[in-house]
Amino acid sequence: MTAIPLRITRLTAAYRRFLDDQHAPNFAADVASSYQTTTLISLLRRGDVHHRRASALALGLLGDRRCIEPLGRALSDPDRGVRIASDDSFRGLIHRDAAPVHHQKLLQLMHLSDGGDHAAVISPLLILIDQAPMYAEAHHQLATAFMEVEQINEAELAYRACLWRCRYHYLAWQGLSRCFLISGNTKRAAEALRRCVEIAPDHESARLQWSLIQRRTLDDPR
């Protein structure tokens, strides 16, 4: 009966040290010496607010794809600190959820896309997806590129492919909403944004878009 409080105390102490020194490698090493991933996932779901915050941070540093869904659920945690930590960890794991060579290739393509060369990344992204078909973020980046070159049908399919692999990818829900809006289907756009906001209530641009679209749906019969 005394082992569990001791382990929780170690997690809290490691988290407090991290808040003081902001040294993530030390925090990760401290946590890894005492906790397994399954324990951190359990604490993220059922622990008190300090354990949930610490677990969310630790899972981003130590976790793998098993942690993506628990972190996705924690994006709507009642505590804002847990939501912020979960969001950082969730997005980090989503991007790293592939072999290192595929992750590095995606980073290169994202850099090209950030520079405005959207059309040039589409073919390499399709090759990357063929090599790593379950890589949700690659599908999301492909959808974004399709949107930028105004290939809306292709973008919708890519967003759906992303969400099939990770239903908590709230940015993909927001992108899918944009596809529906461009196609003139405001009701489906509002539904996709509702899903986005339910997953990530702190995503302010989606909340604003949802509010605006809800007004439109009052007069949209579709």
Side-chain angles (χ1 to χ4, degrees), residues 60 65 67-69 71-72 75-76 83-84 86-213 216:
R65 65 175 50 193
C67 308
I68 291 175
E69 185 161 332
L71 286 166
L75 294 172
S76 59
R83 297 196 302 271
I84 292 172
S86 297
D87 191 31
D88 287 342
S89 293
F90 174 82
R91 288 185 287 110
L93 287 180
I94 280 288
H95 279 81
R96 300 196 304 271
D97 187 28
V101 64
H102 297 142
H103 177 220
Q104 288 302 314
K105 184 62 176 179
L106 183 66
L107 291 178
Q108 294 170 7
L109 295 174
M110 289 172 64
H111 179 71
L112 282 177
S113 186
D114 288 343
D117 207 354
H118 305 294
V121 304
I122 290 176
S123 291
L125 280 169
L126 288 169
I127 294 171
L128 175 58
I129 287 169
D130 186 59
Q131 296 169 344
M134 295 305 294
Y135 196 0
E137 186 57 30
H139 290 275
H140 177 246
Q141 294 299 325
L142 177 63
T144 301
F146 276 135
M147 286 295 292
E148 293 293 339
V149 298
E150 300 182 352
Q151 296 185 36
I152 306 306
N153 291 337
E154 290 82 357
E156 179 182 339
L157 290 174
Y159 281 129
R160 290 183 181 277
C162 172
L163 290 166
W164 186 81
R165 289 156 178 80
C166 180
R167 59 179 174 155
Y168 290 100
H169 201 306
Y170 58 90
L171 292 177
W173 282 112
Q174 187 177 25
L176 186 60
S177 171
R178 186 180 171 199
C179 291
F180 291 144
L181 195 59
I182 292 172
S183 300
N185 194 327
T186 54
K187 293 186 79 170
R188 294 186 74 183
E191 174 62 19
L193 280 174
R194 181 185 66 80
R195 296 290 296 275
C196 175
V197 172
E198 285 179 349
I199 292 167
D202 293 325
H203 191 34
E204 291 300 329
S205 67
R207 292 180 66 88
L208 177 59
Q209 290 169 9
W210 186 32
S211 176
L212 293 174
I213 289 177
R216 298 188 194 181

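Note that the coordinates shown come from a computational prediction; the quantities given were computed from them, not determined experimentally.
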If I compare all heavy atoms of [X] with all of [Y], which pair ends up nearest, and what's the gap?
X: Glu198; Y: Ser76; value: O-CB, 3.6 Å
X: Cys166; Y: Phe90; value: SG-CZ, 3.9 Å
X: Leu142; Y: Ile129; value: CD2-CD1, 3.6 Å
X: Phe180; Y: Ala189; value: CB-N, 3.6 Å
X: Leu75; Y: Pro201; value: O-CD, 3.4 Å

* Any side-chain donor-acceptor pair under 3.5 Å between Tyr170 and Asp87? -> yes
* Classify the side-chain pair Gln141/Glu137 by whether it contains a donor and acceptor separated by less than 3.5 Å. => yes
* Please test Arg194 against Glu191 for salt bridge (Lys or Arg N to Asp or Glu O under 4.0 Å), starting from the C-alpha separation and ending with a verdict. => CA-CA 5 Å; Arg194 181 185 66 80; Glu191 174 62 19; 2.4 Å; yes
* Asked: Do the ring planes of Tyr159 and His140 sit parallel (below 30°), tilted (30 to 60°) or perpendicular (above 60°)?
  ->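 Tilted: the ring planes of Tyr159 and His140 meet at 30° to 60°.
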Donor-acceptor check, side chain of [X] to backbone of [Y], threshold 3.5 angstrom: yes or no?
X: His118; Y: Thr144; value: no
X: Trp173; Y: Arg167; value: yes
X: Ser183; Y: Cys179; value: yes

* Going by the side-chain hydrogen bond (donor to acceptor under 3.5 Å, both in side chains) test, name the single residue among His103, Arg65, His102 that passes it with Asp97. => Arg65
For a 4.5 angstrom cut-off between non-hydrogen side-chain atoms, does [X] reach [Y]?
X: His203; Y: Val197; value: no
X: Arg160; Y: His139; value: no
X: Leu93; Y: Arg96; value: yes

Hey, could you give me the [atom1]/[atom2] distance between [X] and [Y], rounded to the nearest 0.5 Å?
X: Arg91; Y: Ser89; atom1: CZ; atom2: OG; value: 9.5 Å
X: Thr186; Y: Leu193; atom1: OG1; atom2: CG; value: 11.0 Å
X: Glu154; Y: Ile152; atom1: CD; atom2: CD1; value: 8.5 Å
X: Leu112; Y: Leu107; atom1: CG; atom2: CG; value: 11.5 Å

* To do: Test side chain to side chain donor-acceptor pair (under 3.5 Å) on Gln174 and Ser205 and set out the steps.
  => CA-CA 9 Å; Gln174 187 177 25; Ser205 67; 3.1 Å; yes
* side-chain contact (heavy atoms from CB on, under 4.5 Å) between Leu176 and Arg195, worked out -> CA-CA 11 Å; Leu176 186 60; Arg195 296 290 296 275; over 6 Å; no
* Step by step, work out the side-chain contact (heavy atoms from CB on, under 4.5 Å) result for Leu106 and Leu125. => CA-CA 8 Å; Leu106 183 66; Leu125 280 169; 3.8 Å; yes
* Could you go step by step and tell me if Ile199 and His169 meet the side-chain contact (heavy atoms from CB on, under 4.5 Å) rule? -> CA-CA 8 Å; Ile199 292 167; His169 201 306; over 6 Å; no
* To do: Take Val101 and Gln104, measure what side-chain contact (heavy atoms from CB on, under 4.5 Å) needs, and give me the verdict at the end.
  => CA-CA 5 Å; Val101 64; Gln104 288 302 314; 5.9 Å; no
